[in-house]
Amino acid sequence: MFNLGHSMRAWALTGLLFTPFLNASPWEQKSAPSQHAPDAIGSYANGCLTGAASLPLDGQGYQVLRSQRERYYGHPDAVSFVERLANLAQQQLATHILIGDMSLPQGGRFSSGHSSHQTGLDIDIWLKLADDKLSAQQLSQPEPLSMVNLQQYRLLKSNWDHRHFELVKMAAQDQQVARIFVHPVIKEKLCATEGQGDRQWLRKVRPWWGHHYHMHVRLKCPQGSSSCQPQAAPPAGDGCGAELASWKPQPKPAAPKAATSKPKKKKPKALPSQCVKLLEIKDS
């Protein structure tokens, strides 16, 4: 276990981390993984990563998108998961999967995009399947393929392939996976397709806005990462009933009266002391 101890400058650095990002975040200035044992520290949305592994940019059954952003690092468990799922996709679905954002070399917050992906345990996998590998230009500036008509809240059947069902199911059945986030319409399709078979894997698949062109895979805290904060387990059941129906947009009510006072801003969470100390270590 990686233990960096208490730092007298923790509060000052923590305040700095939560100022508005004008350019790169402090974590994006870290160019390489730390020289420590692998350790996912803190929570998915407030943490960091030591001893990260980098996902090879062009491996068997997958390709990495927008590698220029250097978000292809993760806990070794995350790299192993991607390689494992990619092999299954190539062998059973005859396609390549496209890997979007994972984490930065030492985890932490991005200057744009996600608030999670901070501990090396989150992986975005695009639902655009690459039966033929993409060119360097296509990888650098990829075009997403949405599975959902967002205005009409329905599946785009012309873009949906039975292999999407199989890919999400294969990922959810992996023992290291804690959750998979997809758009509610995609979850609805998965529920309908599974029928009366083994529906236990559907519990891990959680509806969440924005995930209409990719699935966000979240892994469990690794063994040995005692500072990793797990997320509470999903509710019991397959999540295909009233819970899923509650996501469907409802007619907008009449506009409420203007608030007389501004809502209080939430106080940012303090970064784990191990992460604060990690930021203080200069790259060699």
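Count residues from 1 along the sequence.
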Distance-only donor-acceptor check, side chains His114 and Asp122, under 3.5 Å: no

Under 3.5 Å donor-acceptor, Asn159 side chain and Val148 backbone: no

Ring centroid separation His183 to Trp208 under 6.0 Å: no

Summary of disulfide bond (SG atoms under 2.5 Å apart) pairs that have at least one residue in residues 157-222, sequence neighbours excluded: Cys191-Cys240, Cys221-Cys228

Side chain Lys30, main chain Gly107, donor-acceptor under 3.5 Å: no

Leu57 vs Leu139 side-chain heavy atoms within contact, under 4.5 Å: no

Polar side-chain atom of Lys204 near backbone of Pro234 as donor-acceptor pair, under 3.5 Å: no

Partners meeting side-chain hydrogen bond (donor to acceptor under 3.5 Å, both in side chains) with His164 (sequence neighbours left out): none

Approximate separation, where rounding is to 0.5 Å, of Ser25 OG and Gln29 CD: 7.0 Å

Rounded distance [0.5 Å steps], CG in Leu219 versus OH in Tyr44: 7.5 Å

Close side-chain approach of Cys48 to Gln106, heavy-atom, < 4.5 Å: no

Partners passing side-chain hydrogen bond (donor to acceptor under 3.5 Å, both in side chains) against Arg179 (at least two apart in sequence or in another chain): none

Any donor-acceptor N/O pair, Arg163 side chain to Leu93 backbone, under 3.5 Å: yes

Sidechain-backbone polar pair: Thr193 side chain, Lys189 backbone, donor-acceptor under 3.5 Å: yes

Donor-acceptor contact below 3.5 Å, side chain Gln229 vs main chain Ser227: no

